[in-house]
2 protein chains.
Amino acid sequence: MARKRFDDSSCSVARALNEVGDWWSLLIVLHAMYGTRRFVDFQQELGIAKNILCDRLGRLVDNGVLRKVDVGEHGSRFEYRLTDKGRDLFPVVIALRQWGDKWNPAPEQEALDLRDRATGRPVQTVLVRDADGQPLSIRDVFMPEDSLPEAKKG
Amino acid sequence: MARKRFDDSSCSVARALNEVGDWWSLLIVLHAMYGTRRFVDFQQELGIAKNILCDRLGRLVDNGVLRKVDVGEHGSRFEYRLTDKGRDLFPVVIALRQWGDKWNPAPEQEALDLRDRATGRPVQTVLVRDADGQPLSIRDVFMPEDSLPEAKKG
DNA sequence: TAAATCTGGTTTTAAGATGCAACCCTATTC
DNA sequence: GAATAGGGTTGCATCTTAAAACCAGATTTA
């Protein structure tokens with residue numbers, strides 16, 4: 001049997017992974033954040049098969065991460081644009097990018113250089129912070145009992 | 001052919017997804033953060049097939065996200081513990097959890113209640129911030145040209 | 001001491017997912 | 001009228017996955 005789905009999981013991470021947790025979806029969202037909007041551009045930039053791209057774009061649209069806009073300029077032309085829900089993946093994508101840059105740096109590539117448009121200064125590393133803004137590690141936090149994950153619920 | 005791999009991709013997100021971008025790996029890391037360490041516990045909590053768990057644990061160990069520790073107490077017993085690299089996924093996992101809680105809330109479940117151990121106060125939403133700590137949206141940032149992704153490189 | 005159990009893991013089998021190439025249809029350009 | 005571009009579907013070979021059966025070492029139970 002093939003991939004298990006988690007639609008009914010009580011764990012929101014599992015449900016989130018259901019929407020953007022496969023190989024291509026998050027890369028599509030990433031490129032959408034970089035500015036890509038059209039089918040052929042996604043296809044060429046990602047090197048993804050057309051049928052898979054079709055499927056993933058459709059699923060992302062169904063899940064409200066992208067929306068399909070008919071820009072009827074020259075024949076049938078569409079754009080896939082991020083929704084608010086999709087844009088809200090910004091911290092996730094950037095955190096993952098920073099993790100990758102830190103732990104799997106490409107030999108000949110500099111790390112993500114993402115800058116504040118207003119000041120030109122680099123953005124901070126994405127961290128979990130306490131109410132005062134101080135960084136927290138996993139050892140600095142706890143969860144009240146009833147929010148712990150249960151067996152079989154992921 | 002099956003899944004494409006991105007080991008040589010110049011995009012660190014693609015390389016990161018290569019390590020933790022499949023269905024189970026990030027859930028395993030999540031549960032490791034919740035405190036799970038043993039094979040059988042992962043298996044029961046996640047409801048994952050043993051062969052898949054075997055494969056994923058091995059891959060996470062190979063990638064330096066977990067390390068396998070022989071705790072030879074009673075026969076052959078091992079623990080899978082997060083490395084620094086694995087712990088560094090904390091912001092990624094929490095950001096994803098918060099995204100899921102916001103956009104796909106479970107009907108009968110409260111959102112993540114993660115609290116600062118020192119003060120008991122809830123942690124902040126994980127955000128991308130500028131040098132002064134102000135939240136930035138995707139529209140507030142830019143990338144210098146040479147850090148843009150190139151075609152075929154993901 | 002033999003039987004049952006725990007733990008971590010491999011093998012087998014089928015149902016699904018993926019990648020590639022080929023094809024389709026519409027609209028536009030040459 | 002032919003060639004091209006955009007967006008998509010179909011068919012097929014191949015790979016991955018899930019579930020369950022099986023395995024082996026160590027340990028508790030009877």
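Throughout, protein chains are lettered first and strands after them, A, B, ... in sequence-line order, and every chain is numbered starting at 1. Note that the structure is predicted; figures quoted are calculated from it, not measured.
- The nearest heavy atom of DNA chain C to B:Phe39 and to B:Asn51 marks one nucleotide each, and the one closer to the 5' end goes with B:Phe39.
- Comparing B:Lys50 and B:Asp55 by the nucleotide of DNA chain D that holds the closest heavy atom to each, the one mapping nearer the 5' end is B:Asp55.
- Using a 4.0 Å cut-off, some side-chain N or O of B:Arg56 falls inside it from OP1 or OP2 of D:dT17.
- In terms of the side-chain contact (heavy atoms from CB on, under 4.5 Å) criterion, residue partners of B:Arg37 (sequence neighbours excluded) are, by chain and number, B:Glu79, B:Arg81.
- Rotation axes derived from the C1' atoms of the five outermost pairs at either end of the helix from C:dT1-D:dA30 to C:dC30-D:dG1 lie 0° apart, to the nearest 10°.
- The side chain of A:Val40 lies closest to D:dG6 when the candidates are D:dG6, C:dT18, C:dT10.
- Between B:Tyr80 and the phosphate of C:dT7, there is no side-chain N or O to OP1/OP2 separation shorter than 4.0 Å.
- Among residues two or more places apart in sequence or in another chain, the salt bridge (charged side-chain N to carboxylate O under 4.0 Å, His left out) test is passed with B:Lys102 by A:Asp88.
- Summarising the geometry, the separation between CD1 on A:Ile52 and P on D:dT14 is reported as 17 Å, rounded to the nearest angstrom.
- Following rounding to the nearest Å, A:Arg37 (CZ) and D:dG6 (P) show an atom-to-atom distance of 17 Å.
- Computed from coordinates, the B:Leu53 CG to D:dA19 C1' distance equals 14 Å when rounded to whole Å.
- When the salt bridge (charged side-chain N to carboxylate O under 4.0 Å, His left out) test is applied to A:Asp55, the partners found at least two apart in sequence or on another chain are A:Arg59.
- When atom types are taken as modelled, the side chain of B:Thr83 and the backbone of B:Gly64 share a donor-acceptor pair closer than 3.5 angstrom.
- For the pair B:Arg59 CZ and D:dT16 P, the computed distance is 8 Å after rounding to whole Å.
- Here B:Asp132 pairs with A:Arg121 under the salt bridge (charged side-chain N to carboxylate O under 4.0 Å, His left out) rule; sequence neighbours left out.
- Distance B:Phe42 CZ to C:dT7 P: 14 Å, rounded to the nearest Å.
- Remark: A:Arg129 pairs with no residue by the salt bridge (charged side-chain N to carboxylate O under 4.0 Å, His left out) rule, at least two apart or across chains.
- In this entry the distance linking CZ of A:Phe78 with C1' of D:dG8 reads 10 Å, nearest Å.
- Taking atom CD1 of residue B:Ile48 and atom C1' of nucleotide D:dA19, one finds them 12 Å apart after rounding to whole Å.
- One finds no side-chain N or O of B:Trp24 lying less than 4.0 angstrom from the OP1 or OP2 phosphate oxygen of D:dT16.
- Between B:Arg115 and B:Asp113 there is a salt bridge, since at least one side-chain N of the basic residue sits less than 4.0 Å from a carboxylate O of the acidic one.
- Between B:Leu57 atom CG and C:dG9 atom C1' the separation is 11 Å, expressed in whole Å.
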